[in-house]
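Reviewing the structure listed below.
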Amino acid sequence: MIVLSRSYDELKIGRKNRASKIKICPGFFFFGFLLVDLQSMQIHPPSSCSTNLNPPILGLTSVHHHRQKLKLLPSLCPTLSVSNSHQLQLPLNQSVAAIVFGGGSDPELYPLTKTRAKGAIPIAANYRLVDSVISNCINSDIGKIYAITQFNSTSLNSHLSKAYSGSCLGKDGFVEVIAAYQSPENHGWFQGTADAIRRCLWVLEEFPVTEFLVLPGHHLYVMDYKTVIEAHIRSGADITVVGLTSVTEQDPGFGFMEVDEANYVARFTIKPDKDQQDSIPTVQEEERTRRNIPSSGIYVVGREQMGKLLREYFVEADDFASEIIPGAISKGMKVKAHMFDRYWEDVKSIGAFYKANMDSIKTSSSGFKFYDRNSPIYSMPRCVPPSSITEAVITDSIVGDGCILNRCVIRGSVVGMRTRIADEVIVEDSVIMGADIYDAEECINGKDREEHVDIRIGIGEKTRIRKAVVDKNARIGKNVMIMNRDGVEEGDREAHGYVIREGIVVVMRNAVIANNSIL
């Protein structure tokens, strides 16, 4: 076996025979060394060889030596150059960058967003909402992920920086948080999604990616982004918008696309008029020449097109959905719709949040699957003990890590991490978010909780909770009734530690509910 590793001159075989020279292109030596089989005279790359080269290999010609050909395997020199955004020849993890928005202030999710962004809201006992979107990127081999945050971003920034700094992103992958900032050119906050991307382009263009994948960070769904990006490239579109064909509501909030038979978008509106809404077809209806399809807020945009739209055509535009997409159509750009027909939930209200948690409990295929081995959900690794369960009766529920459950009954509920539930407690159809810490006995004193000295973080004895959301670190006393007994749809008792939204009682974060209270 011959090892070739040094200069061009040393790679000449039979120097006296001028016709028997190995011709090698620039960039060949980035392989370090090659192994040559004397019998077959074929060059094979070593197993550790990577085709992720810079500069790219341009070519390697075959050579004759003593009537034997020296052949190069096709996989050794792939074409890595990119001539434009519609010729995706780099690997996906190099050619695409994801832009994830942490979420703004949404009054329909208050009080869950009182101290956190939408993407940071805990869900399904162990996760945050943003984990679904980041995990979709990782499972789709997209390793360059930028998270743009602004509203109540402390919790979200901390979660992203701690959860996604490990090996799940690969050697070159990262999740980079871009928090709202001021500069000599821009003194205010981000005014919208388009404004945020425009002001962050100098960071987003750091790597030579060819496409940007724009994602809201508070949706629940499983999607292989590779299929969307490949369809975008094949169609030659400037922008691809993911449309929803199986949503449960008429207006998901990201606009409607009027598409033709080839799924090209002829018109894009945020809130269509009554006649347009009536024309939106159901899954069972026949295909029409023009259809109104709800948008998911997921976009694939070419790098060059993104720069032109934000820096040249619409320099004052703030919102991507309401201004950039319709503007791109008006400029004659090709906007294509890519249909998505699986589970998708926009967690934009207390009712939607409650429904998403209840769906996560179901064993049927209708809800979001946190147990799909083909699409794992990543989150922050935590050093907490396994849950301790003593004579508890638990049915149709999810229990997070580190819980201490005594002689209680839990039915159809989500119980978050470090939740402590005392004896004779009944929890039904509820979401208990858990706690950030264990409240030790010696930490409970009367200095700042004079009448609540015996109420620790968790749920006290003989308490009953039905159809409620209990936020983190809440202290619920003994013999409390949280059931919305009067059937109130909307109620504001924030001063007392809770509100009612869509008939659901929401106990606020760090709230203290006194013994014998009735909510």
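These numbers were taken from a predicted model, which means no experiment stands behind them. Atom set for the values below is all heavy atoms of this structure, side chains included, hydrogens, waters and symmetry mates excluded.
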Between Lys467 and Glu502, does any NZ, NE, NH1 or NH2 come within less than 4.0 Å of an OD or OE carboxylate oxygen?
no
Do the side chains of Arg128 and Asp131 get close enough for a salt bridge, i.e. N-O under 4.0 angstrom?
no
Testing the basics here: between Ile178 and Cys200, what is the closest heavy-atom pair and its distance to 0.1 Å?
CG2-SG, 3.5 Å
So, are Arg509 and Asp436 salt-bridged, with charged N and O less than 4.0 Å apart?
yes
Which is it for Arg291 and Glu261 under the salt bridge (Lys or Arg N to Asp or Glu O under 4.0 Å) test, yes or no, and what are the steps along the way?
CA-CA 9 Å; Arg291 299 166 295 158; Glu261 293 178 342; over 6 Å; no
Validation: residues 329-342 side-chain donor-acceptor distances under 3.5 Å, sequence neighbours left out:
unit_1, atom_1, unit_2, atom_2, d
Ser330, OG, Gly327, O, 2.6

Ser296 (side chain) donor-acceptor with Gly243 (main chain) under 3.5 angstrom
no
Which residues pass the ring pair (Phe, Tyr, Trp, His ring centres under 6.0 Å) test with Phe151, sequence neighbours left out?
none
Taking the six-membered ring for Trp, are the ring centroids of Phe320 and Tyr299 within less than 6.0 Å of each other?
yes
Give a yes-or-no answer on whether the side chains of Ser375 and Asn139 include a donor-acceptor pair shorter than 3.5 Å.
no
Does Ser155 offer a backbone N or O that forms a donor-acceptor pair with the side chain of Ser158 under 3.5 Å?
no
Asn157 backbone acceptor or donor facing Ser161 side chain under 3.5 Å
yes
Could you verify whether a donor N or O on one side chain and an acceptor N or O on the other, from Ser322 and Asp319, lie under 3.5 Å apart?
yes
Determine whether more than 12 heavy atoms belonging to other residues, nucleotides or ligands lie under 6.0 Å from atom CD of Glu316.
no
Taking the side chain as C-beta and beyond, is there a heavy-atom pair between Met257 and Asn292 under 4.5 Å?
no
Which residues satisfy the side chain to side chain contact (heavy atoms under 4.5 Å, CB included) test with Val384, sequence neighbours excluded?
Arg382, Asp401, Arg418
Backbone of Gly412 reached by a side-chain donor or acceptor of Ser397 within 3.5 Å:
yes
Name of the residue among Val431, Leu220, Ile123, Ile398 meeting side-chain contact (heavy atoms from CB on, under 4.5 Å) with Ser360
Ile398
Salt bridge (Lys or Arg N to Asp or Glu O under 4.0 Å) between Glu205 and Arg311: does it pass, once the steps are laid out?
CA-CA 13 Å; Glu205 294 175 339; Arg311 289 172 171 162; 3.3 Å; yes
Heavy-atom distance under 4.5 Å between the side chains of Met223 and Val228, does that happen here?
yes
Salt bridge present between Arg411 and Glu428 (N-O < 4.0 angstrom)
yes
With the threshold set at 4.0 Å, does a side-chain nitrogen-carboxylate oxygen contact exist between Glu490 and Arg501?
yes
Check for a donor-acceptor pair, side chain of Asn357 on one end and backbone N or O of Phe353 on the other, with a separation under 3.5 Å.
yes
Gly416 backbone acceptor or donor facing Thr419 side chain under 3.5 Å
yes
Glu258 vs Phe256, side-chain contact (heavy atoms from CB on, under 4.5 Å): CA-CA, chis, key distance, verdict
CA-CA 7 Å; Glu258 186 177 315; Phe256 287 88; over 6 Å; no
Look at the rings of Trp202 and Tyr181 and say which category their plane angle falls in: under 30° parallel, 30 to 60° tilted, over 60° perpendicular.
perpendicular
Side chain to side chain donor-acceptor pair (under 3.5 Å) between Tyr110 and Glu494: does it pass, once the steps are laid out?
CA-CA 11 Å; Tyr110 190 88; Glu494 187 171 342; 2.8 Å; yes
Work out which heavy atom in Phe254 is nearest to a heavy atom in Phe268; give both atom names and the distance.
O-CZ, 3.3 Å
Please evaluate residues Asp346 and Lys118 with respect to the criterion salt bridge (Lys or Arg N to Asp or Glu O under 4.0 Å), reporting the C-alpha separation (whole Å), side-chain torsions for both, the decisive distance (0.1 Å), and the verdict.
CA-CA 11 Å; Asp346 179 10; Lys118 287 190 287 189; 5.8 Å; no
Below 4.5 Å, heavy atoms only, C-beta onward: do Leu215 and Ile99 meet side chain to side chain?
no
Can you find a pair of side-chain heavy atoms, one from Val469 and one from Val507, that are under 4.5 Å apart?
no
Checking Phe174 now: which residues fulfil ring pair (Phe, Tyr, Trp, His ring centres under 6.0 Å) with it, not counting sequence neighbours?
Tyr146, Phe207
Of the options Val130, Leu112, Val347, which is the one that meets Ile121 in a side-chain contact (heavy atoms from CB on, under 4.5 Å)?
Leu112
Is any side-chain heavy atom of Ile500 closer than 4.5 Å to one of Val506?
no
Output all residues satisfying side chain to side chain contact (heavy atoms under 4.5 Å, CB included) with Gln150, sequence neighbours left out; order by chain, then residue number.
Ala180, Trp189, Phe190
Determine, using ring centers only, whether Tyr378 and Tyr164 are less than 6.0 Å apart.
no
With Phe101, which residues qualify under ring pair (Phe, Tyr, Trp, His ring centres under 6.0 Å), at least two apart?
none
